[in-house]
Structures are given as structure tokens and as C-alpha cells.
Amino acid sequence: MLIFHNPDHALHQPRQEMFRGRLVPCHESPARLHHVMAELQRRPVGTLREPGPLDDALLRRVHAPRYLDFLAKAWEEWIALDAANAELDVLPSVWPVRGFRHDVEPANFAARLGLYSFDAGTPLMGGSWAAARGGAACAIDAARAVLAPEGPRVAFALTRPPGHHAGPDFFGGYCFLNNAALAAQALREGGCTRVAVLDIDYHHGNGTQTIFYGRGDVLTVSLHGDPRTEYPFFLGHADEHGEGEGQGANLNLPLPAGTDAITWRRTLDQALEAVTRFAPQAVVVALGVDTFEGDPISKFALGSADYLEVGRTLAGLGLPTVFTMEGGYAVAEVGVNVVNVLEGFAR
Ligand code: OKP
Ligand code: ZN
């Protein structure tokens, strides 16, 4: 297995996120990835690599160019407002909801920040753009690796910030660039006519779903906390099946908060049946381990040992597989849980 790790991830070290009217320390921290690296030292299930330069053309086929241009310059614009801003994370505070214009890009920075985001829990700072780009490069390189004739059948994009909440032109849920979607697109362009993205993070992969909603060549399946009570709330219901060419190529399997490992695993089997029926030539697994019983922001109850079994089950698809690192906030256990999936897969 090849493991592409993002050397720039720690450039994104957000200080705080908005929670119940207060700024609190951010759950999504560099320590998460450090724990995975440490566990990989103890259990070397793969070979570590740094990614090559990012394919910007591919990036622009997944995300809207005006969104990418905004992200690239956001920090500069933020400091230009006031030099003292350098000490503060950027957080949006105004959004164009139903009936507002999305086609006119405002000149005002705060307004553009709202146009391109959906929550106030995704701090942006000086290094965020570089960190997100490094992760995108990992995802694309991982996809290309599994398609290489002499390559491994499985690769892991070990990165943060995560990606599955980032849409064609919006950030949120700690995500800026959608690594899983970029991997899927790279697999498509690398010759796979059909690709599946299976999202097993606790939270619905709203960004990935939105990116591929009108496409029939990429199946998106997500297994997650019911959006009636769980973040990201406004997407991820069972009746979202895709539209146009994409009709039938989206499957949501929402589960109530409190779901145990047995029910979760049974639902994973359902997800895998849908993937098999689609007959893809490769699969991307958006791997969040915030389904863990000790996760501070999630409410499923998988134990560390369950992740070995999850890896084994995913290997049963028998497909070239790209894993992208998504959530998991029980920081000290993230390494064991992630590497358990990889080890279970590799066995
Ligand atoms: C990202 B990924 C906690 C509020 C929830 C957003 C959670 C994003 C999860 N104070 N904030 O899917 O793991
Ligand atoms: Zn999550």
C-alpha cells in the first residue's frame, strides 16, 4: 500500500471555531495526523510518500474556478482589511440563503466569504490554502498510483484538513477542497468509466454528493448520522437519489444517533451491495473514524477492533481502492483506528 501524506498539513492550525455563541478550540487539529503517523511507525502497513505538484487543471474540473481563486487570495484580503487580522482566524458571518443572489460575486470580502461557505465552524488561516492543496495532491496521486500498471491496488491519502464537506464552490465542516471527489475524478480521467465513492465518516458527505449529483459516472454512497439531528443537517436524507444523468447514482443511508456497531456494519453491507451493483472499476473510501464510540462530536459506537473488520470488509470488494482521510476527533485513538482499517484491508 502507498500512503501519500501531506507535508503541509500543519500549516493549517486553526485556533477556534464558533460553538453555541462562543469561540472554542478547534477539534480538527494537526495532532490528529501526528497520531496516525506515529501509529504507522509502530505498524508499517504501507510505504510513505510525499505527493508531487498539484494538478491545477483537474482541481478546476472539480471545483469552480471563481471559488478556487477566492480561496487562493482569501488570507491576503483578510490582512488587507486590517494588519491586526493576522492574529485572527477568518470566520464567515453572513450567508445568502433562499432567494438571495448567488450569481453576482460581491466585492465585499465578508460577503464573498459567506457566498463560498456554509458554516462558521471552518476557520481559515494563512496556511489553509497550502495545506488544502497538499491534501488534494495526495488524493490525486493516490488515485493515479492504484491505476499504475505496476502499482499497488490500494493507496491512502493521509491528510488534513478533511474534504468531504467541500462542494463545487463552498467550504464548511472543516473542509476546503474535496479530496475524495478529486480522487474519483482522477480515477475517471485515468480510464475508469465508472467510479464509486463510499463515505463512512459519521457526517454526511454533502460536498461529494453535490459535486456528483448530476453525474451517472460516479456513484456516491454515504453512511452517516441522520441529518435531522446531525451535522451537516441540510442534506443526506434517504430520498436523495441524484438528478438528470445522475438519477439513481446517489445513495444515502442515514442512521439515528446512538446506532451501535452491529447495525452500522449491517448498513455497511447494504452500502457495499449498492457499490457492487453499480459495477465500478475503482472505489474511493472517504474514511472518517468519528464513528468511534469515544468521539467527542459524534454518536455512533464502533470500537477500535471493529475497524479491522471494516478494512477486511472493504477489501472484499476486490477493487482498486483509494482511501482519503476525513474525520475522527478522539485524537489519541485516531491513529489506532485509522491504521486498523488499513491493516484489516491489507491482510
Ligand atoms: C467534519 B467531518 C461541533 C460542531 C460540528 C462541524 C463538524 C464537521 C465534521 N462543535 N462542527 O465530517 O468529520
Ligand atoms: Zn465527520
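Everything numeric here is computed off the predicted structure, so don't read it as measured data. Worth knowing before you read on, the calculation uses all heavy atoms, side chains too, and leaves out hydrogens, waters and symmetry mates. Whatever order the structure lists them in is the order used to number ligands and atoms, beginning at 1. The residues of the chain are indexed from 1 along the displayed sequence.
Under the 4.5 Å side-chain criterion, counting only non-hydrogen atoms from C-beta, His5 is not in contact with Thr159.
Heavy atoms of Tyr202 come nearer than 4.0 angstrom to ligand 1 in no pair at all.
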Next on the checklist: Apply side chain to side chain contact (heavy atoms under 4.5 Å, CB included) to residues Leu113 and Trp78 and explain how you reach the verdict.
Outcome noted: CA-CA 10 Å; Leu113 194 58; Trp78 173 245; 5.6 Å; no
Checklist entry - So His165 and Phe171, ring-ring contact (aromatic ring centres under 6.0 Å, His included) or not? Walk me through it. => result CA-CA 7 Å; His165 295 301; Phe171 68 91; over 10 Å; no
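His12 and Ser128 share a side-chain donor-acceptor pair at under 3.5 Å. Defined by atom type and a distance below 3.5 Å, a donor-acceptor pair is present between the side-chain atoms of Asp201 and His203. No hydrogens or angles considered: a donor-acceptor pair under 3.5 Å links the side chains of Ser117 and Trp95. A donor-acceptor contact under 3.5 angstrom links the side chains of Asp119 and Thr122, judged on distance only. No donor-acceptor contact under 3.5 angstrom links the side chains of Tyr174 and Arg160, judged on distance only. A donor-acceptor pair shorter than 3.5 Å can be found between the side chains of Glu189 and Gln185.
With respect to the Zn ion (ligand 2), Asp201 has OD1 as its nearest N, O or S atom. Of all N, O or S atoms in Asp290, the one lying closest to the Zn ion (ligand 2) is OD2.
Between Tyr307 and Phe292, the ring planes are tilted. Angles from 30° to 60° get that label. Aromatic ring orientation, Tyr116 versus Phe70: tilted (interplanar angle from 30° to 60°).
Distance check for Glu326 against the Zn ion (ligand 2): none of its N/O/S atoms falls below 2.8 Å. Using a cut-off of 2.8 Å, one finds that His203 contributes an N/O/S atom close to the Zn ion (ligand 2).
For ligand 1, the atoms lying closer than 4.0 Å to a non-hydrogen atom of Gly327 are 13 (O). Less than 4.0 angstrom separates some heavy atom of His164 from each of these atoms of ligand 1: 2 (B), 12 (O). Those atoms of ligand 1 that come under 4.0 Å of a heavy atom in Asp201, given as number and element, are 2 (B), 12 (O), 13 (O). Within the listing of ligand 1, atoms 1 (C), 2 (B), 9 (C), 12 (O) sit less than 4.0 angstrom from a heavy atom of His165.
Residue Asp290 places at least one N or O, backbone or side chain, under 3.5 Å from an N or O of ligand 1. Taking only nitrogen or oxygen atoms, main chain and side chain alike, Glu326 does not reach within less than 3.5 Å of ligand 1. In terms of polar-atom proximity, defined here as any N/O pair under 3.5 Å, Asp119 makes no such contact with ligand 1. Checked against a 3.5 angstrom limit, the closest N/O atoms of His203 and ligand 1 fall inside it.
From the protein, the heavy atom lying nearest to atom 3 (C) of ligand 1 is Glu17 OE2, 3.8 Å. Of the protein's non-hydrogen atoms, Tyr174 OH, 3.8 Å is the one closest to atom 11 (N) of ligand 1.
When Phe233, Phe19, Tyr231, Tyr329 are checked for heavy-atom proximity to atom 7 (C) of ligand 1, Tyr231 turns out nearest.
With a 4.0 Å heavy-atom cut-off, ligand 1 is reached by no atom of Glu28.
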